[in-house]
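So the structure is just underneath, and the comments pick up after that.
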Amino acid sequence: MTVKITLPDGSVKEYPRGITAAKIAEDISPRLAKDAVAARVSGVLKNLKDEINEDSLVEIITVDQPEGLEILRHSAAHIMAEAVKRLYPDAKLAIGPAIENGFYYDFDVPEAFSPEDLERIEAEMRKIVEEDQEFSHWELDRETAVNEFSAMGEVYKVELLREMEDGQVSIYKQGDFVDLCRGPHIPSTGKLKAFKLLNVAGAYWRGDSNRPMLQRIYGTAFAKKKDLDEYLQRLEEAARRDHRRLGKELDLFSIQDEGPGFPFLHPNGMVIWRSLEDFWRREHRRRGYQEVKTPMILSESLWRRSGHWDHYRENMYFTEIDGRPYAIKPMNCPGSILLYKRRLQSYRDLPLRYCELGLVHRHELSGTLHGLMRVRCFHQDDAHIFMLPSQIQDEIAGVIDFIDYVYRGVFGLNYRVELSTKPEDAMGPDEIWEAATDALRNAVEAKGMPYEVNEGDGAFYGPKLDFHLEDCLGRTWQCGTIQLDFLMPERFDLTYVGEDGKEHRPVMIHRVIFGALERFIGILIEEFAGAFPAWLAPVQARVIPVGERFVDYATEVQKQLLADDLRVDVDVRDEKVGYKIRSAQLEKIPYMLIVGEKEVEAGTVSVRHRQAGDLGSIPVEKFRKLLREEVASMSLKPLLVGAGAD
RNA sequence: GCCGGCGUAGCUCAAUCGGUAGAGCGGCGCAUUCGUAAUGCGUAGGUUAGCGGUUCAAGUCCGCUCGCCGGCUCCA
């Protein structure tokens with residue numbers, strides 16, 4: 001009996017029944033057999049040692065492929081668990097998957113692991129790798145598995161087993177370590193070459209804060225030592241562009257012990273803020289938005305009517321004025337709604353786009369605060385669009401384009417889109433949620449944008465499209481969001497007078513582009529590693545006189561540039577040129593203008609760019625024009641480089 | 001909020017076993033007047049996060065509180 005094996009290149013070979021992918025790989029090339037970790041057999045990932053008993057399409061998976069690396073990492077998690085069990089026989093196993101840049105495994109142990117424990121565990125793993133234990137695999141009926149894992153005291157595995165539907169479950173074993181696992185795995189522990197345990201952290205069983213806190217060990221593994229080293233080095237570099245560190249070094253912002261989660265913006269940070277705000281205002285004016293401002297404190301009754309009292313109270317701060325209850329706004333929508341309601345609205349006025357840089361306060365759990373990324377008060381670049389039902393698609397499309405222009409067009413940021421659907425604690429009937437969710441889905445799909453569905457993560461009043469940006473460590477932060485809302489108009493009895501002279505119900509969009517100015521600035525700091533494009537840089541150019549005699553000329557140059565709204569200062573300190581340049585470099589100032597005898601005589605400046613270095617001398621006026629253009633065009637690149645110094 | 005770690009001068013960090021709190025940078029002063037990433041000398045700067053305890057003696061050991069860091073949960 002033979003089976004026909006089709007390889008990815010289309011060639012077909014015959015093998016005896018029961019052949020394994022491992023043997024096929026050897027047959028193709030020894031090199032392939034060496035790199036192989038698993039196989040895809042007719043579309044399903046399998047172990048190399050699994051028998052193939054029917055005609056199949058077989059693809060050998062190596063560690064160089066994404067799936068191969070994932071399998072390697074998953075196996076690394078098992079090897080780590082084996083090491084933990086050897087050192088801590090009473091540890092109970094939870095789950096241990098491969099994740100984006102590595103793997104983790106959760107354990108229930110009486111005492112938390114220390115960094116020294118991690119070293120011991122890692123050393124034990126190396127022994128296991130050295131022992132080159134084979135991964136074996138078999139199936140078991142679920143009841144037997146429940147009994148066996150119960151006997152071992154693996155209560156978490158038992159809980160998982162009890163929730164499974166299948167009659168048969170899959171078990172893996174290497175050495176003395178047995179685990180419930182779908183697989184596949186690498187053939188033996190010796191295949192794991194480059195790995196490292198990174199850190200320990202608490203993690204709730206099944207992500208539920210009411211269940212036990214487990215100990216999670218994170219680690220990473222790569223195909224080669226070189227890849228691992230590169231990854232570790234990248235982590236170090238990332239730490240250098242952490243916005244909290246740069247925020248301190250560049251004197252942009254701070255968070256004081258007196259106000260955890262309430263950031264202070266320093267003069268330098270405020271320049272960036274203001275530049276973004278000017279940009280924001282200009283772009284909104286062009287797109288038919290009208291700017292408004294609504295109060296920070298409003299009556300509690302308003303928040304009861306909006307539904308915030310029922311669905312958002314935990315995150316709100318309350319106060320009292322003249323004996324009556326008030327709330328500090330966690331969102332801007334109720335305020336905008338009051339503005340809408342101040343007069344009768346006509347269909348002719350819709351869509352009505354109110355935008356507001358609104359300062360909101362939210363009580364976030366102390367453990368979640370993170371620099372500017374996660375704070376307790378922040379400025380949303382909010383807008384509320386009141387519109388006819390027939391305008392929904394166009395308005396959503398307009399906001400999507402707006403966000404794409406800002407993220408990709410202006411800042412060169414990559415982003416990910418998520419469709420967040422009805423949460424458990426939601427207002428309103430399912431039909432309305434479905435209609436709103438469909439409208440959002442149609443809009444992204446019409447744009448041909450890839451997106452993921454984030455089940456149950458919508459706002460309490462409507463589903464949303466979320467736009468996520470990455471920080472220096474690849475953690476993603478929700479920034480932009482577009483929320484479609486049929487419910488607030490209902491609760492506040494919003495109306496417009498239609499063509500027919502009768503009252504109708506408008507629909508609302510809540511949306512932000514930056515999200516929160518604070519978070520967006522955090523993202524930008526990390527994206528640019530503090531070296532902001534000229535249009536955002538706190539100081540755009542610094543004039544550096546080579547000696548005291550040239551301070552007057554330097555000040556003259558500064559005056560000319562200041563007159564054109566450029567941000568320029570002069571380093572008048574009694575120091576050598578090298579010292580002043582070094583200090584300007586460390587402040588990441590885009591341009592340094594060195595002036596001395598030659599420049600005074602010729603009416604020029606000698607230009608140095610922070611990255612490109614010495615660019616030679618050009619007339620002050622020419623520098624002014626070029627920098628002005630660079631700033632006005634919001635260029636991410638220096639226009640002066642290659643512009644030709646004389 | 002939960003689990004763990006951490007908290008020393010403005011910043012980055014040192015201080016052996018529990019035995020007199022130190023350095024560099026930065027600040028200030030003086031000298032120097034300098035041409036593309038650090039001139040030299042001098043000098044000030046501390047309730048070792050806060051409160052309590054153990055001890056002859058606490059930066060160091062113990063407890064509590066606050067804050068920060070890494071995760072979990074949650075979110076812009």
Side-chain angles (χ1 to χ4, degrees), chain A residues 104 106 109 111-115 117 198-218 239 242 244-245 248-249 251 255-261 312 314-315 330-331 358 360 362-382 420 457 459 464 466-469 473 475 477-481 483 510-520 522-523 544-551 574-586 592-599 606-610 613-617:
Chain A
Y104 68 78
D106 287 347
V109 279
E111 267 185 58
F113 296 117
S114 67
D117 293 337
L198 298 173
N199 51 351
V200 223
Y204 298 111
W205 168 236
R206 315 209 102 178
D208 183 342
S209 52
N210 298 311
R211 314 270 329 242
M213 173 71 69
L214 308 173
Q215 291 298 313
R216 174 173 298 177
I217 304 180
Y218 285 92
D242 188 309
R244 290 165 300 183
R245 178 186 173 133
K248 194 184 275 180
E249 283 175 8
D251 199 18
I255 297 173
Q256 317 270 344
D257 287 356
E258 287 79 357
Y312 210 73
E314 296 291 296
N315 288 292
M331 295 189 195
V360 297
R362 298 183 183 176
H363 178 75
E364 302 292 349
L365 294 178
S366 57
T368 65
L369 302 178
H370 184 91
L372 286 182
M373 302 293 199
R374 188 71 187 276
V375 289
R376 282 179 171 157
C377 76
F378 52 99
H379 295 72
Q380 291 186 299
D381 63 322
D382 215 345
S420 295
D457 216 31
K464 49 186 191 154
D466 295 322
F467 294 75
H468 294 253
L469 294 172
L473 287 174
R475 292 179 288 215
W477 298 92
Q478 187 187 315
C479 292
T481 175
Q483 310 172 347
H510 310 235
R511 53 106 278 199
V512 290
I513 307 286
F514 295 140
L517 259 304
E518 287 82 353
R519 179 176 287 184
F520 198 77
I523 296 274
I544 298 177
V546 300
E548 201 182 22
R549 288 185 292 135
F550 310 108
V551 168
D574 182 12
E575 295 288 352
K576 294 168 91 166
V577 182
Y579 181 88
K580 295 185 194 178
I581 284 174
R582 177 178 156 80
S583 113
Q585 285 284 152
L586 292 175
M592 284 150 270
L593 308 176
I594 291 91
V595 297
E597 191 69 48
K598 284 176 286 181
E599 287 75 18
S606 172
V607 182
R608 177 189 167 97
H609 182 261
R610 68 184 165 203
D614 193 348
L615 300 176
S617 294

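None of these values were measured; they are calculated from a predicted model. Just so you know, these numbers use all the heavy atoms, side chains as well, and skip hydrogens, waters and symmetry mates. Chain letters run A, B, ... following the sequence lines, proteins first, then strands; residues in each count from 1.
Contact annotation: Tyr579(A) does not reach the phosphate of rG40(B) (side-chain N/O to OP1 or OP2, under 4.0 Å). Side-chain nitrogen and oxygen atoms of Arg245(A) include none within less than 4.0 Å of the OP1 or OP2 phosphate oxygen of rC69(B). Between His370(A) and the phosphate of rG71(B), there is no side-chain N or O to OP1/OP2 separation shorter than 4.0 Å. For rU36(B), the OP1/OP2 oxygens have no side-chain nitrogen or oxygen of Arg582(A) closer than 4.0 Å. Proximity of Gln478(A) to the phosphate of rA76(B): a side-chain N or O atom is located under 4.0 Å from OP1 or OP2. Under 4.0 angstrom from either OP1 or OP2 of rG35(B) there lies no side-chain N or O belonging to Lys580(A). Look at Arg206(A) and you won't find any side-chain N or O under 4.0 angstrom from OP1 or OP2 of rU73(B). OP1 or OP2 of rG1(B) lies within a sub-4.0 Å distance of a side-chain N or O belonging to Ser366(A). OP1 or OP2 of rG71(B) lies within a sub-4.0 Å distance of a side-chain N or O belonging to Arg475(A).
Within 4.0 Å (heavy atoms only), Arg244(A) reaches sugar-phosphate atoms of the nucleic acid but no base atom.
Helical stems of RNA chain B (runs of at least 3 Watson-Crick or G-U pairs, donor-acceptor distances under 3.5 Å) are listed by first residue: B:1-7 with B:66-72, B:10-13 with B:22-25, B:27-31 with B:39-43, B:49-53 with B:61-65.
If you take atom P in rU43(B) and the same atom in rC68(B), they sit 39 Å apart, rounded to whole Å.
Remark: ring of Phe378(A) stacked against base of rA76(B); centroid gap under 5.5 Å, plane tilt under 30°.
With hydrogens and angles ignored, no donor-acceptor pair under 3.5 angstrom links the side chain of Arg376(A) to the base of rC75(B).
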